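Quick notes on the structure that follows.
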Amino acid sequence: MAKYNEYKNLNYAKVGDDVLAYWKEHNIFQRSVSTREGHKPFVFYEGPPSANGTPGIHHVMARAVKDIFCRYKTLKGFQVNRKGGWDTHGLPVELQVEKELGITKEDIGKTITVEEYNQRCRETVMRFKSQWDDLTEKMGYWVDLDNPYITFENEYIESIWALLKRLYDKGFLYKGYTIQPYSPGAGTGLSSHELNQPGCYKMVKDTTIVAQFEVKKITRNMFLFEYEEEQVFFLAWTTTPWTLPANTALAVGKGIKYVKVRTYNPYTYEPISVILAKDLVSRFFNPKADGIPLTEYSSGDKLIPYKIVEEFTGADLAGVEYHQLMPYVQPEKPAFRVVVGDFVTTEDGTGIVHISPTFGSDDFRVAAQNDIPALMVEDENGKPMPLVDKQGRFVKEVTDFAGMYVKNYTGEDESAPDYKPTDVLIAIKLKEEGRAFKVEKYEHTYPHCWRTDKPVLYYPLDSWFIKTTAVKDRLIELNKTINWKPESTGTGRFGNWLENLVDWNLSRSRYWGTPLPIWRTEDGEEEICIGSIQQLSDEIDRAVDAGVMDAAVEINDLHRPYVDNIVLVSHSGKPMHRETDLIDVWFDSGAMPYAQWHYPLENKEIFEQNFPADYIAEGVDQTRGWFFTLHALAVMLEDSVAYKNVIANGLVLDKNGNKMSKRLGNAIDPFEMIGKYGPDAVRWYMIANAPPWDNLKFNPEGVVETQRRFFGTLQNTYSFFALYANLDNFTFAEDEVPLERRTESDRWIISKLNTLVADVDSYLEDYDPTRAARAIQDFVVDDLSNWYVRLNRKRFWKGEYNEDKMAAYQTLYTCLEVIAKLASPIAPFYAEQLYRDLNLVSGKHKEESVHLAYYPEVEHSAIDKDLEERMALAQTISSLVHSLRKKHFIKVRQPLQRILIPVLNDRTRQQIQAVEDLIMSEVNIKHVEYIDDTSGILVKKIKPNFKKLGQVFGPKMKLVAAAVQQMNQDDIAHLEREGGIELQISDEETAVLTPEDVEISSEDIPGWLVASEGRLTVALDVTITEELKQEGIARELVNRIQNLRKDSNLEVQDKIHIVLQASVQEVNAAVENFRDYIQAETQALSLELTDNVVDGTILEVDDYQVNIHIRTEAIVA
RNA sequence: GGGCUUGUAGCUCAGGUGGUUAGAGCGCUACACUGAUAAUGUAGAGGUCCGUGGUUCGAGUCCACGCAGGCCCA
């Protein structure tokens, strides 16, 4: 006969190891997919991690979230393929390699070949793969590790090329510029990484200018003018005066308050009106001048009078046009107007920011968003260029300053008496023109090139872009169809970002990444975008034929430097070289829905079956990374979402809410956690403790608690079941006992169980694992263990193997088995063991793993809300009686005669009557008595039903409530009898109330000590009769004998003989009168009361001492 | 500076559409219970529900403005 496994001191880490071995041996993961062949697919995309660092505890979190829903959907019958993946390109790898080799970017191609360098990157990036694979297995994250997609593989890159070509053909790929830090001295752009080198930011003293931008006198702007000749100016401050000739807009803060001030220009003494932020007025005007009439000013006065005349918000000013400040070059589109910028502050300057789209990245962005052009001139090739050339000199079109360096890049002696920086010359010119309001030196930090030590310029540099703005509306529209968890990340963080979208800058000037497959002639007139290896090979043949390339090369690797060595030929026969850029690594990962199948070059069908994803999950920090690139590519390529449901999970912090870092030593090692507490407790804790999208404060003590409270309780419940089921040989071989023949508590727990099955299903369907975990946990701990098992213990260990006992076993078995299934997505290892321990004996399921099984069906007919309510009453009443016993110092073992419960209606009485037996046995009393209205002794309490009364009486609520509180017992009786009562609420007003407007409860039974909770009141009869007293002693004896049995290491089923020293009369009487009871409880075959006990043990029973001896039945061979 | 987010007991967290005694678990204290026993019950202590205003008869809940932490972006 098969037995249920029994465990002593279950080791949860070992459960993990054992189950993992079982899964491996029987290919359970593969079969969880293959057994669903032909079922509806549930498509999941794995966001590829990078294996160049070790995995952390937060990866356990992120992956648990992914895993839960894949397992859940498998339970629900879907087929869930999940291909693993590795993200292998990008800056972090390159920086790591540079650091290890002790080189900088400059050395690549010089002291180390690009080939060697990239080889090094390729090795480095997968360095920790085995650790990752190990964690993936140990934490129970099921994903196909044997056939992952790897972004550095040729096929993957080829797919990306094919996608880029599609975008290119649709006109979404273009070459433009972005504003980047640039060093004219070195003639090269600087990465933000280079800019963050220590010492790059230096204190410098610059000439700064508050310039005056004159408002145009057009109808649109007339609200800014008060009189005919008035000249109104915007004041804008800049620390880089050399950018002023390139100004095309001014930015204001939407919510910032601005004022118009009438005053005089301090250099020309002309009367002017200026607009600036209200908060900054005091920085530009001397308060001492406040109050001096404007008319009292004469040219040259030190104290310049001013008067604030009007106030506006930034929003009011948006759209106002002004005259170009330094009209050297004209724009191609309308410019010179006020726009709103989120970067504008009133920290310094005037609260109005000068915008030169070619020389600032904020400027560039805000201009692009508002369709403001940049000022450009044509270079010698007729290509557009900014007003400053790459050496840092003004172009010839800026006539007054043509050829001058905007900063000192030539090493001129700045201490020479006649040395004037360009910034100063500009200031002088503006002063003369009456366009400078204030010129002063200002000390601030400014980034410098780490090689030339000269100030950097923010300068437009060539870049390739994807024109995401062309599909902006569609991106927004389709985003609204995505189910975001939490919703706010989709509407807020992601939605707002889409609203302010700029084109996607693809270019990266690095070495280890996917090369941009575009070849161009030197003049940029002709170009080709390559979409496949085949096409490249064909083009190479053409190039060789045309003689621009020496010999055909074999294409073995699509990385640099190999692709750089390929020269193609244009239609007109010119050589074309590859644009040297790599593409943004986010394109790599965003392309995974296609490239993981080598689509569009092959596998069209597989792709179509697996697009879009039903579900993805990653950290919220991916919002503008993977979540965006997936979405953008799907919209541009397929006009579809890439994913239908997405969980953006939060961070894992240490227990104090600080970020974990190896440096601070507060990082938690996932392997250690899993090794110590087992994978299930770690997963369960992370999921149950806080919703995934909140940050998790990870406290190992919480894992301990989860292990003890949830897994410990569940395991205890199972152990209890296994212990007795093995004794009784219960294998669930019999037919199920019909519900109607089961006990009230059986039907109750089955009802609760079905409610749970439905709840967990709806939570998981809604992608809320936390609610699911908590619901399961509450059921196991509160309902199943602490109530059902506690109340029903005796049914398992007493009596014959009859239908009632069978019903108890079946009920408990069913609960445990269903729990195993419900918990299996979250605690896959323990649930597996539980399922198998049960199923190996009963053989009820043919599936040999819980992960091959199916989600339980909800038996709606088994859900009985009325029963659940009754049981809640029983629990409350029991708790009240316990509390009364406590107050009277009467222990539970002492039986009592009765409790009294006032009931105001028949329904309550019937409900309680149905659970009387449970209450009586739980709190050890003989009878439940009910007191209703007819007894005439109930004291009632009345309380206003605020919700109801508020709707009716509104403002008079307080008066009515006061009147209700004043009602006496007669009034309440009247209200109940007549179904209404008229109350005087003030001198002249009355209010008519119905019983629905109040809550009536019984408060007291005169002469009894009562306890109440909510509307329930219970009184306890504390009279202890002689018989009750004896029964109490009998129970005490049973307890002591049981302890003795245990101390003697007897097995539960061992029979004993008891010999008791006769002593005081009470004890003797108790033994005589309750002999049968004592014998039955203690499995005693005999109970002898003698005067002479040999080898006895002295036991304390109440105030008495009892000498007792027990011996086991001789074992009959 | 902007967007999003969090703030409830010592700790971790619950608290649909506003309703008058704000809950749970852990921890602490005391007392019980005991053939599930490394479990369990009862009771107690512990709260300016981050602050200030507002709406309302009534605000932990709605609105506004702040403060503090976090993430992303500048």
Side-chain angles (χ1 to χ4, degrees), chain A residues 9 253-256 341-347 361-362 365 486 488-497 499-500 619-625 648 650-651 653 655-659 685 688-691 693-697 699 701-702 704-706 708-710 712-713 715-724 770-771 774 777-778 781-782 785-786 789-790 793-794 796-797 878-887 889-893 922-923 943-951 953-961 1014 1038-1039 1041-1043 1045-1046 1050-1053 1081-1083:
Chain A
N9 298 327
K254 197 165 155 190
I256 298 176
D342 58 18
F343 50 86
V344 181
T345 71
T346 54
E347 289 293 299
S361 68
D362 271 341
R365 189 168 50 87
S488 59
T489 300
T491 54
R493 192 183 281 236
F494 195 62
N496 288 346
W497 141 265
E499 296 283 347
N500 294 306
V620 67
D621 52 339
Q622 298 286 320
T623 307
R624 294 176 186 193
L651 265 67
L653 308 168
K655 63 179 178 182
N656 299 316
N658 299 314
K659 211 169 168 166
Y685 164 72
N689 195 58
W693 39 88
D694 279 355
N695 290 344
L696 172 71
K697 289 185 200 164
N699 188 347
E701 283 171 34
V704 177
E705 188 188 325
T706 298
R708 227 191 42 220
R709 187 171 153 69
F710 175 62
T713 306
Q715 178 58 22
N716 257 332
T717 307
Y718 167 78
S719 301
F720 175 83
F721 168 81
L723 176 66
Y724 293 107
T770 303
R771 279 177 191 270
R774 286 174 178 171
Q777 187 171 305
D778 288 349
V781 175
D782 296 337
S785 172
N786 288 342
V789 173
R790 186 150 61 88
R793 280 201 304 253
K794 282 203 170 109
F796 292 88
W797 50 264
S878 300
S879 144
L880 289 172
V881 175
H882 277 303
S883 131
L884 284 169
R885 278 182 173 273
K886 163 94 180 161
K887 278 190 191 120
F889 305 104
I890 303 171
K891 44 177 72 170
V892 178
R893 229 182 269 129
E922 171 66 10
V923 299
K943 213 173 101 180
N945 180 343
F946 285 93
K947 195 165 184 173
K948 199 129 191 317
L949 288 174
Q951 288 159 7
F953 294 101
K956 290 180 207 146
M957 181 75 199
K958 277 187 175 147
L959 292 171
V960 177
V1038 167
N1039 166 245
I1041 295 166
Q1042 297 287 32
N1043 287 344
R1045 284 181 60 117
K1046 251 201 298 189
L1050 296 191
E1051 293 299 321
V1052 174
Q1053 67 273 28
E1081 289 288 320
T1082 58
Q1083 311 254 37

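Proteins come first, then strands; the chains are lettered A, B, ... in the order of their sequence lines, and each starts at number 1. Predicted model, so just to flag it, every value in this text is computed and none were measured.
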How many whole angstroms separate atom [atom1] of [X] from atom [atom2] of [N]?
X: A/Phe494; N: B/C72; atom1: CZ; atom2: C1'; result: 13 Å
X: A/Trp497; N: B/A74; atom1: CH2; atom2: C1'; result: 12 Å
X: A/Arg774; N: B/U12; atom1: CZ; atom2: C1'; result: 9 Å
X: A/Glu499; N: B/C72; atom1: CD; atom2: P; result: 23 Å
X: A/Tyr685; N: B/U12; atom1: OH; atom2: P; result: 9 Å
X: A/Asp778; N: B/G15; atom1: CG; atom2: C1'; result: 14 Å
X: A/Leu696; N: B/C71; atom1: CG; atom2: P; result: 15 Å
X: A/Arg793; N: B/U37; atom1: CZ; atom2: P; result: 11 Å

Please determine, for the side chain of [X], which listed nucleotide ([options]) has the closest atom?
X: A/Pro691; options: B/A14, B/A74, B/C4; result: B/A14
X: A/Asn496; options: B/G3, B/U37, B/U12; result: B/G3
X: A/Thr717; options: B/C13, B/C71, B/A36; result: B/A36
X: A/Arg624; options: B/U40, B/C71, B/C72; result: B/C72
X: A/Asp362; options: B/A74, B/C13, B/G41; result: B/A74
X: A/Arg771; options: B/G15, B/A36, B/A74; result: B/G15

Every protein N/O within reach of nucleotides 66-70 of chain B N/O, cut-off under 3.5 Å:
| from | atom 1 | to | atom 2 | distance (Å) |
| --- | --- | --- | --- | --- |
| B/G70 | O2' | A/Asn695 | ND2 | 2.9 |

Exercise: identify the closest heavy-atom pair between [X] and [Y]:
X: A/Leu696; Y: A/Ala690; result: CD1-CB, 4.4 Å
X: A/Trp693; Y: A/Pro486; result: CB-CD, 3.3 Å
X: A/Arg885; Y: A/Val923; result: NH2-O, 3.0 Å
X: A/Ala688; Y: A/Thr770; result: O-CG2, 3.7 Å

Please measure how far the [atom1] atom in [N] lies from the corresponding atom in [M], and state the result in whole Å.
N: B/G70; M: B/A59; atom1: C1'; result: 27 Å
N: B/A43; M: B/G25; atom1: P; result: 11 Å
N: B/A68; M: B/C28; atom1: C1'; result: 29 Å
N: B/G51; M: B/U61; atom1: P; result: 10 Å
N: B/G2; M: B/C65; atom1: P; result: 11 Å
N: B/A14; M: B/C62; atom1: P; result: 15 Å
N: B/U40; M: B/U17; atom1: C1'; result: 39 Å
N: B/G69; M: B/U8; atom1: P; result: 15 Å

### Query
Across the strands shown, which category fits A/Arg885 at heavy-atom distances under 4.0 angstrom: base, sugar-phosphate, nothing?
nothing
### Task
With heavy atoms under 4.0 Å as the rule, sort A/Ser878 into base, sugar-phosphate or nothing.
nothing
### Message
Looking at A/Phe494, is its backbone amide N or carbonyl O close enough to the side chain of A/Arg624 to form a donor-acceptor pair, meaning the two atoms are under 3.5 Å apart?
### Response
no
### Task
If a protein heavy atom is under 4.0 Å from the base, mark B; if only from the sugar-phosphate, S; if neither, -; do that for nucleotides 23-29 of chain B going 5' to 3'.
--SSS--
If we call it a pair only when both distances are under 3.5 Å in a Watson-Crick or G-U wobble match, what pairs with [N]?
N: B/U17; value: none
N: B/A24; value: B/U12
N: B/U42; value: B/A30
N: B/U55; value: none
N: B/A68; value: B/U6
N: B/G1; value: B/C73

Just how far is it from atom [atom1] of [X] to atom [atom2] of [Y], taken to the nearest 0.5 Å?
X: A/Lys697; Y: A/Leu651; atom1: NZ; atom2: CG; value: 13.0 Å
X: A/Asn786; Y: A/Asp778; atom1: CG; atom2: CG; value: 11.0 Å
X: A/Asp621; Y: A/Thr623; atom1: CG; atom2: OG1; value: 7.0 Å
X: A/Asp694; Y: A/Leu653; atom1: CG; atom2: CG; value: 10.5 Å

### Summary
Result for 5'-nearest mapping on RNA chain B, choosing between A/Asn699 and A/Thr623, is A/Asn699
### Task
Specify the residue among A/Arg365 and A/Val789 whose closest nucleotide of RNA chain B lies further upstream toward the 5′ end.
A/Val789
### Query
Taking only N and O in the side chain of A/Ser488, is any of them less than 4.0 Å away from OP1 or OP2 of B/U5?
yes
### Query
Taking C-beta and beyond as the side chain, do A/Tyr685 and A/Asn699 meet within less than 4.5 Å on heavy atoms?
yes
### Query
Who pairs with A/Glu922 by salt bridge (Lys or Arg N to Asp or Glu O under 4.0 Å), at least two apart in sequence or on another chain?
A/Arg790
### Message
Base of B/A36, side chain of A/Ser785 - is there a donor-acceptor contact under 3.5 Å?
### Response
yes
### Query
Relative to the ring of A/Phe720, is the ring of A/Tyr724 parallel (under 30°), tilted (30 to 60°) or perpendicular (over 60°)?
perpendicular
